[in-house]
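Right, one structure below, let's go through it.
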Amino acid sequence: MSKTTFPKISVIIPTYNCSNYLSTAVESVLSQNYLNTEIIVIDDGSTDDTRDRLQPYRDRLRYLYQPHSGVSVARNRGIQEARGELIAFLDADDYFLPNKLTAQVALFAAQPQLGIVHSGWRRVDRFGNPLMEVTPWEKVPELNLESWLRWKPVLPSAMMFRRDWLIRAGGFDRRFPPAEDTDLVLRLALMGCEATWLRQVTVCYRQHPGSAMYKGLPQANSLAAVMDNFFSLPQVPMSIRLIEKRVRYNTLVWIGWYLYWTGHPQEMVQFLQKSWNYSPYLPVETVVHWVESFAEFSQDVGEVFDGDRLTQLPEWEGLIRWATGGSRFLL
């Protein structure tokens with residue numbers, strides 16, 4: 001097998017107290033039909049039985065333990081330890097579907113200029129039962145700096161990277177958990193890293209109370225900080241500066257919905273008030289757009305939006321009084 005034809009892939013699995021799901025993740029890599037692969041498990045200070053669960057696989061993977069430092073540090077250690085030209089990340093509670101690695105490598109082979117190959121994912125519950133298929137290319141057909149910034153369709157377990165791009169970017173920035181993946185992709189795109197879609201669902205993204213999707217306030221604050229950091233960079237091109245207000249507005253509205261969805265109505269109000277200063281709409285139109293956006297974002301995660309429930313919240317009623325009282329610049 002020629003390494004030129006079949007480049008080595010390093011699959012990096014960071015894990016922290018996730019032993020219940022870890023075997024499924026490892027098995028999903030071992031069952032891939034792509035043979036030139038190594039598995040690196042970075043145990044980020046687990047206190048459960050992670051080490052014991054991995055014992056049956058010890059001759060088929062590299063196990064590295066470190067004191068608990070966060071997923072950014074764990075992934076970065078994996079990048080440094082990797083021997084592969086290509087890097088595939090797999091969170092310990094997710095698992096690959098068959099043929100993921102082969103299909104993504106084929107795109108790298110066909111388009112050598114690529115630094116990222118992204119794909120779709122299947123949201124599943126804690127037991128692996130399907131919830132919905134996510135095919136982001138239907139809304140975001142091209143992956144470039146503007147589309148990454150506008151839509152942020154980032155899921156590391158669905159992606160594959162050229163290792164040299166990750167090294168050049170300096171890996172994940174530990175200042176932004178749990179949105180460090182979005183920060184990395186934005187920095188890569190700003191550096192000129194090209195990306196494309198593999199229009200195929202390749203990974204199961206497990207939803208459970210401990211998953212990143214339900215991080216609530218940390219996720220909201222982290223994503224806002226990533227936006228502030230990105231737009232502070234001097235190399236951001238003028239074409240992107242021209243859409244900054246719209247990007248900030250849409251991001252803050254999404255954060256507002258996300259906080260509503262995860263049960264933080266007071267903080268929802270704060271972020272929607274922040275979005276007001278960037279709104280391209282008239283006051284009444286802005287409020288209507290908030291509600292329409294909440295419905296759209298709920299649909300994106302497979303849920304039916306209950307507008308009555310939102311508008312009956314005392315926090316929402318207070319927000320509307322604020323919005324209609326002319327206090328546009330009061331936070």
Side-chain angles (χ1 to χ4, degrees), residues 136 139-140 145-154 175-180 182-183 186 209 212-233 236 238-331:
K139 182 179 287 187
V140 192
L145 179 56
E146 181 174 342
S147 61
W148 285 122
L149 198 55
R150 283 184 179 274
W151 303 104
K152 307 170 190 66
V154 178
R175 295 178 297 166
F176 301 118
E180 63 273 285
T182 298
D183 168 73
L186 290 177
M213 192 170 184
Y214 298 97
K215 292 293 186 183
L217 288 175
Q219 176 73 26
N221 291 327
S222 174
L223 185 56
V226 166
M227 290 294 98
D228 288 341
N229 181 71
F230 176 83
F231 283 112
S232 74
L233 298 174
V236 172
M238 182 55 65
S239 60
I240 298 299
R241 297 278 183 206
L242 293 174
I243 63 170
E244 177 178 352
K245 286 187 67 173
R246 189 59 182 259
V247 168
R248 285 186 178 272
Y249 170 76
N250 289 333
T251 302
L252 290 166
V253 173
W254 183 89
I255 292 173
W257 164 81
Y258 173 76
L259 289 167
Y260 165 73
W261 183 56
T262 54
H264 300 86
Q266 291 183 342
E267 291 79 6
M268 169 199 74
V269 168
Q270 294 171 10
F271 277 92
L272 289 177
Q273 286 178 324
K274 291 177 181 178
S275 79
W276 189 272
N277 290 331
Y278 299 102
S279 175
Y281 307 109
L282 295 172
V284 173
E285 293 174 335
T286 298
V287 174
V288 171
H289 184 261
W290 287 345
V291 177
E292 292 174 345
S293 296
F294 276 34
E296 178 183 352
F297 298 146
S298 296
Q299 184 178 14
D300 288 344
V301 296
E303 296 191 2
V304 176
F305 174 64
D306 186 345
D308 290 338
R309 176 174 173 266
L310 171 67
T311 56
Q312 290 171 9
L313 285 175
E315 292 86 358
W316 180 266
E317 292 175 353
L319 175 64
I320 299 307
R321 286 195 298 271
W322 172 88
T324 56
S327 302
R328 188 176 179 91
F329 300 103
L330 175 65
L331 296 183

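The figures that follow rest on heavy atoms only: side chains count, while hydrogens, waters and symmetry mates do not. We count residues from 1, following the sequence as given.
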I'd like a table of donor-acceptor pairs (distance under 3.5 Å, sequence neighbours excluded) in which one partner is a side-chain atom from residues 310-320, with atom names and distances.
{"from": "Thr311", "atom 1": "OG1", "to": "Gly307", "atom 2": "O", "distance (Å)": "3.1"}
{"from": "Thr311", "atom 1": "OG1", "to": "Asp308", "atom 2": "O", "distance (Å)": "3.2"}

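For Thr251, the side-chain hydrogen bond (donor to acceptor under 3.5 Å, both in side chains) partners are Lys152, not counting sequence neighbours. Under the side-chain hydrogen bond (donor to acceptor under 3.5 Å, both in side chains) criterion, Arg309 pairs with Tyr260, sequence neighbours left out. Applying the side chain to side chain contact (heavy atoms under 4.5 Å, CB included) rule to Arg175 yields the partners Asp173, Asn229; only residues at least two apart in sequence or on another chain are considered. Judged as a side chain to side chain contact (heavy atoms under 4.5 Å, CB included), and not counting sequence neighbours, the contacts of Lys139 are Trp151, Glu296, Asp300.
Between Trp290 and Phe294, a ring centre-to-centre spacing not shorter than 6.0 Å is recorded.
Two residues are said to be in side-chain contact when any heavy atoms from C-beta on lie closer than 4.5 Å; Val287 and Tyr281 fail this criterion. A 4.5 Å side-chain heavy-atom check between Thr286 and Tyr278 finds every atom pair outside the cut-off. At least one side-chain heavy atom of Pro280 sits under 4.5 Å from a side-chain heavy atom of Arg246.
Classification of the Trp261-Tyr258 ring pair by plane angle, with boundaries at 30° and 60°, yields tilted.
Of the inter-residue distances, the one linking Ser279 atom OG with Leu252 atom CG reads 11.0 Å to the nearest 0.5 angstrom. Taking CZ of Phe297 as the reference point, atom CZ of Phe305 lies at 11.0 Å (rounded to 0.5 Å). Of the inter-residue distances, the one linking Ser222 atom OG with Asp183 atom CG reads 8.0 Å to the nearest 0.5 angstrom. Rounded to the nearest 0.5 Å, atoms CG (Leu217) and CD1 (Ile255) are 11.0 Å apart. To the nearest 0.5 angstrom, Arg241 atom CZ is 11.5 Å from Ile243 atom CD1. Rounded to the nearest 0.5 angstrom, Leu186 CG and Leu145 CG are separated by 7.0 Å.
Sorted by first and then second residue, the pairs that involve residues 248-270 and meet salt bridge (Lys or Arg N to Asp or Glu O under 4.0 Å), not counting sequence neighbours, are Asp228-Arg248, Glu244-Arg248.
Nearest heavy-atom pair across Gly216 and His264 is CA-CE1, 4.0 Å. Across every non-hydrogen atom of Met268 and Gly256, the tightest pair is CG-O, 3.2 Å. Between Val140 and Ser147, the shortest heavy-atom contact is CG1-CB, 3.5 Å.
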### Task
Under the side-chain contact (heavy atoms from CB on, under 4.5 Å) rule, what do Leu272 and Trp322 come out as? Steps first, then yes or no, please.
CA-CA 11 Å; Leu272 289 177; Trp322 172 88; over 6 Å; no
### Query
What's the verdict on side-chain contact (heavy atoms from CB on, under 4.5 Å) for Phe176 and Thr182, showing C-alpha distance, side-chain angles and the deciding distance?
CA-CA 9 Å; Phe176 301 118; Thr182 298; over 6 Å; no
#### Entry: Stepwise side-chain contact (heavy atoms from CB on, under 4.5 Å) check, Leu149 with Met227
CA-CA 9 Å; Leu149 198 55; Met227 290 294 98; 4.0 Å; yes
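Counting only distance, with no hydrogens or angles, the side chain of Ser275 and the backbone of Tyr249 share no donor-acceptor pair below 3.5 Å.
Counted by atom type alone, Ser298 and Trp257 present one or more donor-acceptor pairs between their side chains at under 3.5 Å.
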